[in-house]
2 protein chains.
Amino acid sequence: MPGRRKPTINEVAHLAKVGIGTVSRVLNNHPAVRPETRARVQAAMESLGYRPNPHARRVAGGRSYTVSVILPFVATEFYTRLIEGIEQVLQQERYDLALFPLLSRSRLERYLESSTFAYQTDGLIIASYDLTELFGGNLLPTDRPVTLVDAYNEHYDSSYMDNPLGGALAAEYLAQFPGEIFAIKLEEDIDRAFAKTTFGGRLAGFQHKLAELGRSLPQTHLYTTRFSAEGGQLALRQFIAQSPPPYNIFAGADLIALGVLEEAERQGLKIGHEVRVLGYDGQPWTEARGLSTLAQPVEAMGAEAARMLLKRIGGYRGAPRAVRFTPTLLERASTAPRAPIPAHP
Amino acid sequence: MPGRRKPTINEVAHLAKVGIGTVSRVLNNHPAVRPETRARVQAAMESLGYRPNPHARRVAGGRSYTVSVILPFVATEFYTRLIEGIEQVLQQERYDLALFPLLSRSRLERYLESSTFAYQTDGLIIASYDLTELFGGNLLPTDRPVTLVDAYNEHYDSSYMDNPLGGALAAEYLAQFPGEIFAIKLEEDIDRAFAKTTFGGRLAGFQHKLAELGRSLPQTHLYTTRFSAEGGQLALRQFIAQSPPPYNIFAGADLIALGVLEEAERQGLKIGHEVRVLGYDGQPWTEARGLSTLAQPVEAMGAEAARMLLKRIGGYRGAPRAVRFTPTLLERASTAPRAPIPAHP
DNA sequence: CTGAAAGCGCTTACAG
DNA sequence: CTGAAAGCGCTTACAG
């Protein structure tokens, strides 16, 4: 059974007693098909287990019906959700998605020049990086439309998250608690061309808002680490060594915050009182773990990027647009000793 | 200039004054072409900047000329090199590579059933995971040939690294130094279906060889952490708190070893005397950092996997083969106070 | 709304 | 060794 010759559009047409043109129209949601005919064709496709051959479609249609997504090569919930959002929109338009993980710079350059790319991409979504840096601040060396997601550049359509705002929300929130304020700073990629501004943006917004509130963040209250839970552990140890509790900590990422939580437990500090931690990302496990965090509409951001790109592929020529998405603070036990205080006493 | 209609095989044929069949033969390295003709055709392709349309080729040829590589979604040198090795072999055979990062289990299942997959894959290379677990210990639900790389399963061709041997080499090496032996254990993925055996294999080989040598590795000398440099830092702190120097440490991975090095420096311990660390992976930066490590022929392993798969795609039906690759110990300053002692006094 | 036909850019027997 | 032709499975005007 498996490996059997795949049914073609001819067989579907034959079974449905229509021409192949009509089958094609059904496939492409062309409006000019009688509902009755459409149903007959769909039944035929169903009963044959028909799957259109994408290569034939690409040859006949003269385009790739494929969008490439270039993204950092990191296993995070964030990218899973982002892709999810992008894919959903693409699917509706019968577009495929080709993932291009940024393994190395040379691979990217080879890719952009390869015939794979030339024949496989009607447009490009670039996630999290401003790759123009890679090309000396110039536009990317491609004639295909480009959309940025989780990043911003004035020359391209951009769908991005307001990280400084998230930082500001964090500052405003933590400032209301008794005790001093601490933050954990994440080392970003050293390679300028691949620099991300995510964490930097969050921290900048955080510090800016603190200043506005007349609060300070001395050097001793800022711990720098790479991206890991263990970094959070080390940070809390450092804070403990230098200042008395309570500690109100903006961790900048859920994973780091997790390390803080673990270390706090190990040290016997009361979470929500002596140690308050705020993560970032709103990962699924934060709820069960009782971690307060800033949640982001990642799927929506991805979907918007896909929509903007598809519009360009369709021939739209307007000025670049930027769509901004904002995070939401979720309050949990890591900053509130119990559930959020009810509205009336 | 950009976006101009791409030249086709017809134009090449016309310019070279041959039929399109001959152009196709040149493209596919068919031996039955006179060198002179071949040169003429190649010149024509060159001057037109001709790139064959892969979709047309796939429609006409009735296959995808594409191999899918399913791999963990982690940014490491290891995977860059692995892909490099695979890609090189595929390129020679005019095969494309489609990367499928394992963002989530549901995405994988959808992928295997998608028409993208059906029409885009003549064969499958799976890196680092034994995905049969995902399907209840059964074979993968696909009729395409499958090859495992950096993993082993008796039912499929496998190209793998001997991690236990690496651990044994590490044990043998570290046992020659004065002082006690320590190791850092890496938490592996908790999801059984996505379990990797890499680190476990290294440690098992390490412990086995130690036992053979009559040495022991007490619980206190084994620190468990997630995969991060900070984990190495924490590990060394723990060892210091419990035992006197010197420390002979098998870190299990270069990144962890880096954390150990950093912490040793911070603590003012003499590297190569009071602290000896051995990494694993042979990353490029280890040389400059003076980190001893176990280097692996990753590209060769990838290339072998690609060759085995291509053979299956070509119709080969023999019993599954397993090709084993072995690591090599590179001695640097982190274990040797100076360069390796010369052979004669 | 629908069918027949041309065309997309290749590969592959088939003859010579 | 080489050319002409058929065929791969679609899309897309073009007529009706």
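Please read these numbers as outputs of a predicted model, since none were measured by experiment. Naming convention: chains lettered A, B, ... in sequence-line order (proteins, then strands); numbering from 1 in each chain. No hydrogens, no waters, no symmetry mates; every other heavy atom, side chains included, goes into these values.
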Listing, residues 83-90 of chain B side-chain donor-acceptor contacts under 3.5 Å, not counting sequence neighbours, or none:
unit_1, atom_1, unit_2, atom_2, d
B/Glu84, OE2, A/Arg110, NH2, 3.0
B/Glu87, OE1, A/Arg107, NH1, 3.0
B/Glu87, OE2, A/Arg107, NH1, 2.6

In a table with atom names and distances, give each donor-acceptor pair under 3.5 Å that connects a side chain of residues 314-323 of chain B to protein atoms at least two apart or in another chain.
unit_1, atom_1, unit_2, atom_2, d
B/Arg321, NH2, B/Glu304, OE2, 3.3

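A donor-acceptor pair shorter than 3.5 Å cannot be found between the side chains of B/Ser158 and B/Arg324.
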Can you give me the dot-bracket string for DNA chain C, 5' to 3', counting Watson-Crick and G-U wobble pairs with both distances under 3.5 Å, using [ ] for crossing pairs and | for partners on another strand? |||.||||||||.|||
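Scored by the ring-ring contact (aromatic ring centres under 6.0 Å, His included) test, B/Tyr50 finds no partners at all (sequence neighbours excluded). With sequence neighbours excluded, the residues satisfying side chain to side chain contact (heavy atoms under 4.5 Å, CB included) with B/Ile20 are B/Ile9, B/Asn10, B/Ala13. By the side chain to side chain donor-acceptor pair (under 3.5 Å) test, A/Arg81 pairs with A/Glu299, sequence neighbours left out. B/Glu93 meets the side chain to side chain contact (heavy atoms under 4.5 Å, CB included) test with B/Tyr95, B/Leu310; sequence neighbours excluded. Annotation: side chain to side chain contact (heavy atoms under 4.5 Å, CB included) contacts of A/Ala43 (sequence neighbours excluded): none. With sequence neighbours left out, the side chain to side chain contact (heavy atoms under 4.5 Å, CB included) criterion links B/Ala60 to no other residue.
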Base versus backbone protein contacts along nucleotides 6-16 of chain D [heavy-atom cut-off under 4.0 Å; B, S, -]: -BBBBBBB---
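Listed by residue number, the members of residues 29-37 of chain A with any heavy atom below 4.0 angstrom from DNA chain C are A/Ala32, A/Val33, A/Arg34, A/Thr37.
The stretch residues 27-38 of chain B participates, sequence neighbours left out, in these salt bridge (Lys or Arg N to Asp or Glu O under 4.0 Å) pairs: B/Arg34-B/Glu36.
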